[in-house]
Amino acid sequence: MPTFPITRTRVAAVGLVTAIAVMLAGCTEASVVPTATPLPRPDLSLSIGALLPQTGSLAAFGPSAQAGFDLAVQEINDADVGLTVTATSQDAGDATTDVGITSVTTLIDSGVSAIVGAISDGVSKKVIDQIVNAGVVQVSPGNISPDFSRYADDNLYWRTAPSCAREGSALGEQIAESGVQTLGILYQSGYCEPGLPEALADAFERAGGTVVSSVAFDAASTTLQTQVDEVAASSPAAVAVVTPTLAKLAVPGLTGAGFTGDELYFVGLPTSDQSVDFAAGSLTGATATRPGLDLSALTDFTDRLLGINPALTDFSYAAESYDAVMLVALAALAADDTSGVAIASMLQEVSGGVGGGEKATTFGQAARFILEGNAVDYDGPSGPITFDENGDPADAVIGLYTYGADNIFTRIN
């Protein structure tokens with residue numbers, strides 16, 4: 001897979017401006033009538049596809065991500081600003097199958113201009129060329145691999161989740177600040193490897209700590225006892241566990257080796273009630289990272305999500321999916337064009353990456369700025385976003401959470 005840097009250029013939407021300039025050039029000064037608002041324009045129809053996990057190893061994240069997607073579509077249509085969104089959802093599966101490839105074919109054949117997904121790095125790596133070759137925009141709410149920052153994607157790949165290297169650095173710094181001097185790392189092969197474990201280790205050691213072991217395990221593992229024993233044999237003061245799905249295999253062995261909850265750190269562990277997977281008290285004091293703002297402080301947003309799916313107990317990737325849809329719609333509105341290439345040309349601007357736009361935190365507010373002829377800088381529940389030239393959120397927020405005796409993670413920053 002090519003990972004070399006390319007130049008991503010922004011293509012300005014200039015058709016309306018050019019037309020007005022030509023019209024005015026043929027008028028006398030007396031015949032020009034100033035107007036405070038732009039001329040009316042035809043309504044737009046935008047088709048967006050969701051490529052989110054309904055099956056596979058990441059299926060637990062599917063309901064929350066889908067709720068964020070569905071909520072955004074509903075609110076855009078309710079805003080009644082001359083942009084109507086139609087949505088189609090397909091299963092992303094996981095990287096062990098070709099479900100995502102089949103689903104992307106279905107979405108492209110249905111005529112979507114943009115696809116929100118996948119969450120899995122492995123799935124996106126399977127389908128990104130297929131999406132790019134179709135001229136469709138892809139905005140992932142969960143991809144974290146640094147590979148995507150330099151991928152040859154014709155400016156069509158974007159993500160509202162930060163690179164895992166940033167998350168690894170945040171956790172490494174936090175572990176060092178907690179006074180830990182020696183660290184063992186237990187990480188899942190292929191899960192943002194090598195970027196995440198390397199960034200975690202580098203940040204920890206820059207702060208004066210020493211990584212005494214770094215042990216990989218396979219995503220298909222059914223036991224991690226051998227790997228846990230190897231880490232424990234290096235006698236670290238704390239252990240960082242890097243996996244989105246298999247922490248439940250690592251924790252019993254680590255606690256059996258004498259590591260208490262406050263000596264355990266996690267990347268990828270959902271910050272929800274973990275009492276089903278872990279023995280009572282085994283995680284008390286544990287620290288986990290999670291990209292995005294503190295959703296517990298965004299009760300209006302989570303209440304709206306529950307209105308879409310009342311069964312939600314975890315909100316992972318909901319904000320990132322919601323913002324992905326919002327940014328695609330705003331880019332289409334700013335371009336006055338719903339083609340994939342036109343949407344891509346305006347995504348950096350509407351996120352505030354260029355253009356110095358007006359701050360907006362709702363679709364209705366942002367759409368009003370655009371329709372008045374102004375640039376907009378949308379900040380949503382996932383954070384400020386601010387796409388850089390590689391399609392990455394330059395101002396992404398990494399939250400730190402600690403697990404209490406009540407089996408609940410509480411944000412600590």
Side-chain angles (χ1 to χ4, degrees), residues 46 48-55 58-80 83-92 114-120 139-144 159-162 244 268-276 288-330 351 360-367 378-385 393 396-399 401 407-411:
L46 172 64
I48 302 180
L51 183 68
L52 301 170
Q54 300 169 15
T55 62
L58 298 181
F61 299 129
S64 54
Q66 188 68 52
F69 178 93
D70 292 342
L71 177 63
V73 170
Q74 175 182 292
E75 292 182 354
I76 291 165
N77 288 334
D78 288 348
D80 192 23
L83 174 69
T84 301
V85 176
T86 57
T88 305
S89 296
Q90 292 289 322
D91 183 14
I115 292 174
V116 173
I119 289 174
S120 162
V139 185
S140 169
N143 288 168
I144 57 175
R159 54 179 164 183
T160 50
L269 185 70
T271 54
S272 56
D273 186 337
Q274 297 294 312
S275 59
V276 173
T289 58
R290 173 76 176 88
L293 299 175
D294 183 3
L295 289 185
S296 68
L298 301 175
T299 54
D300 177 65
F301 177 65
T302 54
D303 286 347
R304 293 182 350 249
L305 289 170
L306 291 170
I308 297 291
N309 183 351
L312 290 179
T313 57
D314 176 71
F315 300 103
S316 298
Y317 303 108
E320 291 82 0
S321 295
Y322 176 93
D323 283 343
V325 177
M326 289 297 184
L327 287 161
V328 165
L330 290 170
S351 73
T361 57
T362 68
F363 178 79
Q365 181 185 36
Y378 171 80
D379 291 346
S382 70
I385 306 163
V397 175
I398 305 297
Y401 297 77
N407 300 322
I408 300 296
F409 274 102
T410 302
R411 191 161 179 134

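The shown structure was predicted, so the numbers you read here are calculated from the model rather than taken from an experiment. Numbering starts at 1 and runs along the sequence shown.
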Legend entry - Gln54 backbone acceptor or donor facing Asp91 side chain under 3.5 Å: yes
Inset, instruction - Look at the side chain of Asn143 and the backbone N and O of Ile119, then say whether any donor-acceptor pair between them is shorter than 3.5 Å. - result: yes
Inset, instruction - Could you grab the distance from atom OG1 of Thr361 to atom CE of Met326, nearest 0.5 Å is fine? - result: 10.5 Å
Legend entry - Flag side-chain contact, heavy atom, 4.5 Å: Leu269 against Pro244: no
Legend entry - Heavy-atom check, side chain of Ile48 versus side chain of Thr86, under 4.5 Å: no
Legend entry - Nearest heavy-atom neighbours spanning Ser321 and Leu52: OG-CD2, 4.4 Å
Inset, instruction - Write down the atom of Tyr378, the atom of Gly380, and the distance for their closest heavy-atom approach. - result: OH-CA, 3.5 Å
Inset, instruction - Mark yes or no for whether Asp70, through its side chain, and Ile308, through its backbone, hold a donor-acceptor pair below 3.5 Å. - result: no
Inset, instruction - Answer whether the closest heavy-atom distance between the side chains of Leu327 and Phe363 falls below 4.5 Å. - result: no
Inset, instruction - Scan residues 305-316 for pairs that pass salt bridge (Lys or Arg N to Asp or Glu O under 4.0 Å), counting only residues two or more places apart or in two chains. - result: none
Legend entry - Side-chain touch Thr84/Leu46, heavy atoms, less than 4.5 angstrom: no
Inset, instruction - Compare every heavy atom of Thr160 with every heavy atom of Glu320, then report the nearest pair and how far apart it is. - result: O-OG1, 3.0 Å
Inset, instruction - Would you name the heavy atoms of Tyr317 and Pro141 that are closest together and state the gap between them? - result: CD2-O, 3.3 Å
Inset, instruction - Check whether any side-chain heavy atom of Phe315 sits under 4.5 Å from a side-chain heavy atom of Phe301, and report yes or no. - result: no
Inset, instruction - Check whether any side-chain N or O of Gln66 sits under 3.5 Å from a backbone N or O of Gly62 as a donor-acceptor pair, and report yes or no. - result: no
Inset, instruction - Using a strict cut-off of less than 4.0 Å between a Lys/Arg side-chain nitrogen and an Asp/Glu carboxylate oxygen, indicate whether Arg304 and Glu75 qualify as a salt bridge. - result: yes
Legend entry - Asn407 vs Gln274 side-chain heavy atoms within contact, under 4.5 Å: no
Inset, instruction - Working to the nearest 0.5 Å, report the span between CD1 of Ile76 and CG of Leu330. - result: 7.0 Å
Inset, instruction - Taking the side chain as every heavy atom from C-beta outward, state whether Thr302 and Thr299 have any atom pair closer than 4.5 Å. - result: yes
Legend entry - Closest non-hydrogen atom pair, Arg159 against Ile144: NH1-C, 3.3 Å
Legend entry - Least distance between heavy atoms, Val328 atom then Ala114 atom: CG1-CB, 3.7 Å
Inset, instruction - Any chance you could measure Thr410, atom OG1, to Ile408, atom CD1, to the nearest 0.5 Å? - result: 7.5 Å
Legend entry - Ser64 side-chain N/O to Ser316 backbone N/O, donor-acceptor pair under 3.5 Å: yes
Inset, instruction - Enter the distance from Leu51:CG to Thr88:OG1 here, rounded to the nearest 0.5 Å. - result: 12.0 Å
Inset, instruction - For the pair Ser382 (side chain) and Asp323 (backbone), establish whether a donor and an acceptor sit closer than 3.5 Å, ignoring hydrogens and angles. - result: no
Legend entry - Donor-acceptor under 3.5 Å (Asn77 side chain, Val85 main chain): yes
